[in-house]
Number of protein chains: 2
Amino acid sequence: MPKTSQAAGLHRASLKKLHDLDAALELMYYGWRGMTLEADEYLAKLGLSRPHHRILYVVARRPDIAIGSLLEILGISKQALNRPLNLLLERKLLTSKRSPEQHRSKLLRLTDAGQRIEKNASDHERKVLRAAFDRVGEPGAAAWMAVMETIADNN
Amino acid sequence: MPKTSQAAGLHRASLKKLHDLDAALELMYYGWRGMTLEADEYLAKLGLSRPHHRILYVVARRPDIAIGSLLEILGISKQALNRPLNLLLERKLLTSKRSPEQHRSKLLRLTDAGQRIEKNASDHERKVLRAAFDRVGEPGAAAWMAVMETIADNN
DNA sequence: TTTCTAAAGTCAATATAGTTGACATGAGAA
DNA sequence: TTCTCATGTCAACTATATTGACTTTAGAAA
């Protein structure tokens, strides 16, 4: 667990701006950290981290997802998925069972405990977003979304 | 170098939204990737990566910075800084010399080649931001900044 | 001159999050 | 029975970080 978040945060405005968009560029970096900071601390207390949260997040929104589809969505190799996924199964935050008709695939679901943890972690992140959106009102929030969509689709 | 960026990008909208702010939450994730994708590809061609870029970015905006201050701003340990910093010195993208009066510290500066690479990499990121801001106009851009500042300062 | 201290550098061990390649297993389909 | 798909696992590797324990460099103080 890096201790960098706080130290780095202290220096958010300490660099000379060489270009027009340098401030925006830095905000993208510190924005990600700001949004995930509390969620990561919460997860760390449970012995979990970002990869576990990503798995829980996706499975929460795609109950009965097969492992292959999960891999596609996460964009990682099955070997990389292996450890965090098995931890979640061992801890009974996820269940896996063969599909009734498609016996080849295994379907993943959150247990109640898994749902609770997914919600708590995501709530930390949504809380930060909520506070920021409230400060700029509905039109500002819509503008933020529009900007982020354009940026996100750059690939 | 992970191959995940493209695959993950394809699935940006594929999850059911359980909460109001889920879309925003996902946009933060994919926004970071969208902004850094081309810059990372450019850096990879040169055998460099994000840590190198961060060093170049900071030194460009703080010429004659001491190594200790650089560590503080980056928020990493000196052992973690060691490898990428030495690579940049070996490649002559950075110079390091003892300060005239403060002989204890070493002052870092970009060479012309270092400046060029820093600018190219950051230009890729700024280009993505520019395009997105242009689509929403000045007020939208200001709203985006306001939202990100609130989020970034959450620590 | 010796000693103290600050800044930087280095060595080793460890963690985390990923990669590729090769191979094994489980279970339906031909 | 064999083929194939989905999954699981083993091993080796890479990149980016950590902590701890030193050493080196060079000015400051005794």
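Just so it is clear, the model here is predicted, and its values are computed rather than measured. So that the names make sense, note that chain A is the first sequence line, chain B the second, and so on, each numbered from 1.
- The A/S77 side chain lies nearest to C/dT19 when the options are C/dT19, D/dA6, D/dT25.
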Indicate every side-chain donor-acceptor pair of residues 130-141 of chain A with a distance under 3.5 Å to a residue at least two apart or in another chain.
unit_1 : atom_1 : unit_2 : atom_2 : d
A/R130 : NE     : A/D134 : OD1    : 3.4

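- Spacing between atom CD of A/E72 and atom C1' of D/dA6 amounts to 13 Å, rounded to whole angstrom units.
- The nearest whole Å value for the distance from the CG atom in B/L85 to the C1' atom in C/dA8 is 11 Å.
- Atom CG of B/L88 is separated from atom P of C/dG9 by 13 Å (rounded to the nearest Å).
- In summary, the side chains of B/E149 and A/Y30 do not present any donor paired with an acceptor at a separation below 3.5 Å, with no hydrogens or angles considered.
- For B/E90 and C/dG9, the CD to C1' distance is 14 Å, given to the nearest whole Å.
- Here the side chain of B/I76 is nearest to one of D/dT18, D/dC22, C/dT19, namely D/dT18.
- Each of C/dT19, C/dA8, C/dA27 was ranked by its minimum atom distance to the side chain of A/R104; first place goes to C/dA27.
- Atoms CG (A/L107) and C1' (D/dT7) sit 13 Å apart, rounded to a whole Å.
- Checking C/dA27, D/dT16, C/dT19 against every side-chain atom of B/P51, the shortest atom distance belongs to D/dT16.
- For B/I67, counting side-chain heavy atoms from C-beta on, the closest listed nucleotide (D/dA6, C/dG18, C/dG9) is C/dG9.
- Defined by atom type and a distance below 3.5 Å, a donor-acceptor pair is missing between the side-chain atoms of B/T36 and B/H124.
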Dump the intermediate steps for salt bridge (charged side-chain N to carboxylate O under 4.0 Å, His left out) on A/R126 and A/E38, then the final yes or no.
CA-CA 11 Å; A/R126 286 187 293 254; A/E38 288 172 43; over 6 Å; no
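- Checking C/dG18, D/dT9, D/dT7 against every side-chain atom of A/K106, the shortest atom distance belongs to D/dT7.
- Nucleotides of DNA chain D nearest to B/R83 and B/K78 differ in position, and the one nearer the 5' end is that of B/R83.
- Taking atom CG on B/L81 and atom P on C/dG9, their separation rounds to 9 Å, with Å as the unit.
- Remark: P of C/dA17 and CG of A/L87 are 11 Å apart, rounded to the nearest angstrom.
- Judged by closest nucleotide on DNA chain C, A/H52 is the one of A/Q79 and A/H52 placed further toward the 5' end.
- Defined by atom type and a distance below 3.5 Å, a donor-acceptor pair is present between the side-chain atoms of B/E118 and B/S122.
- Each of D/dT7, D/dA17, C/dA17 was ranked by its minimum atom distance to the side chain of A/S49; first place goes to C/dA17.
- Between A/L48 atom CG and C/dT16 atom P the separation is 12 Å, expressed in whole Å.
- Counting only heavy atoms from C-beta on, A/N82 has its side chain closest to D/dT9 among D/dT9, D/dA21, C/dG18.
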